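Computation of the quantities below employed the complete heavy-atom set of this structure, encompassing side-chain atoms and omitting hydrogens, waters and symmetry-equivalent molecules. This is a predicted model, so every value here is computed, not measured.
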Amino acid sequence: QVQLVESGGGLVQAGGSLRLSCAASGLTFSSYAMGWFRQAPGKEREFVATISWSGGSTYYTDSVKGRFTISRNNAKNTVYLQMNSLKPEDTAVYYCAARQGGSIYYTLYQYNYWGQGTQVTVSS
């Protein structure tokens with residue numbers, strides 16, 4: 001079965017950096033677009049970033065543009081989210097998601113598979 005396992009979360013001070021990883025199994029990874037979403041306490045899950053199957057196309061929500069970078073390594077079946085200049089408002093559980101097809105998708109309902117999430121906490 002399809003499994004997505006996130007790692008790399010933790011506690012960091014404002015202005016710091018973290019790199020999240022999401023290891024995929026049970027699917028032909030290079031055939032899937034991948035996305036990162038986040039959910040803060042009391043809020044709905046929201047889109048953060050997406051990347052096409054080849055890595056040639058990416059898209060970000062406005063609040064993370066210039067600070068976060070999504071990338072993928074199809075040989076390792078892994079997608080990454082490099083997060084720099086972190087802010088307290090970035091605090092959330094971060095989820096990776098997979099959607100069969102090559103393009104980019106930024107609505108959570110478009111994704112077929114989800115990981116369990118990794119907590120990111122940014123202190124002020």
Side-chain angles (χ1 to χ4, degrees):
Q1 71 277 21
V2 175
Q3 281 194 315
L4 303 176
V5 180
E6 301 96 336
S7 61
L11 174 63
V12 64
Q13 288 189 332
S17 298
L18 285 174
R19 188 175 84 152
L20 305 184
S21 299
C22 172
S25 61
L27 51 73
T28 305
F29 185 71
S30 59
S31 298
Y32 281 73
M34 300 297 294
W36 285 97
F37 291 75
R38 66 187 180 187
Q39 188 166 18
K43 294 188 176 181
E44 294 185 350
R45 193 170 300 188
E46 65 174 1
F47 167 77
V48 176
T50 181
I51 188 167
S52 61
W53 68 272
S54 67
S57 297
T58 58
Y59 184 75
Y60 301 88
T61 192
D62 285 346
S63 63
V64 308
K65 284 180 182 176
R67 300 189 298 122
F68 291 11
T69 303
I70 189 171
S71 62
R72 66 189 295 160
N73 185 329
N74 286 348
K76 294 186 176 181
N77 286 4
T78 302
V79 63
Y80 305 97
L81 186 68
Q82 178 66 44
M83 306 186 295
N84 298 329
S85 302
L86 282 161
K87 304 176 181 179
E89 51 263 44
D90 294 317
T91 294
V93 177
Y94 283 70
Y95 299 89
C96 72
R99 154 72 190 242
Q100 191 165 16
S103 186
I104 55 175
Y105 306 94
Y106 49 87
T107 303
L108 64 92
Y109 303 106
Q110 294 174 301
Y111 285 84
N112 306 113
Y113 303 105
W114 293 84
Q116 293 301 304
T118 186
Q119 176 71 47
V120 171
T121 303
V122 184
S123 63
S124 57

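- Contact record, I104 with S52: CG2-N, 3.6 Å, taken as the closest heavy-atom pair.
- Residue pairs satisfying the side chain to side chain donor-acceptor pair (under 3.5 Å) criterion with at least one member in residues 2-20, sequence neighbours excluded, are listed as follows: S17-N84.
- Two residues are said to be in side-chain contact when any heavy atoms from C-beta on lie closer than 4.5 Å; Y113 and Y32 meet this criterion.
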Determine whether T50 and Y111 satisfy the following criterion, side chain to side chain contact (heavy atoms under 4.5 Å, CB included), listing intermediate values before the conclusion.
CA-CA 11 Å; T50 181; Y111 285 84; 3.0 Å; yes

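- Using a 4.5 Å heavy-atom threshold, the side chains of W114 and R45 count as touching.
- Contact annotation: the side chain of L4 approaches that of M34 to within less than 4.5 Å [non-hydrogen atoms, C-beta and beyond].
- Using a 4.5 Å cut-off between side-chain heavy atoms of Ile, Leu, Val, Met, Phe, Trp and Tyr, with links allowed through other members, Y106 and V64 fall into different hydrophobic clusters.
- Here CZ of F29 is found 6.5 Å from OG1 of T78. Values are rounded to the nearest 0.5 Å.
- Within the structure, side chain to side chain donor-acceptor pair (under 3.5 Å) pairs that include any residue of residues 58-73 comprise R38-S63, D62-K65, R67-D90, R72-N74 (at least two apart or interchain).
- Using the six-membered ring where Trp is involved, F37 and F47 have ring planes that are perpendicular, over 60° apart on the 30 and 60° scheme.
- Contact record, L27 with A24: CD1-CB, 4.2 Å, taken as the closest heavy-atom pair.
- L18 and I51 end up in the same hydrophobic cluster when Ile, Leu, Val, Met, Phe, Trp and Tyr side chains are linked at under 4.5 Å.
- Counting heavy atoms from C-beta outward, V120 and L20 have side chains that approach closer than 4.5 Å.
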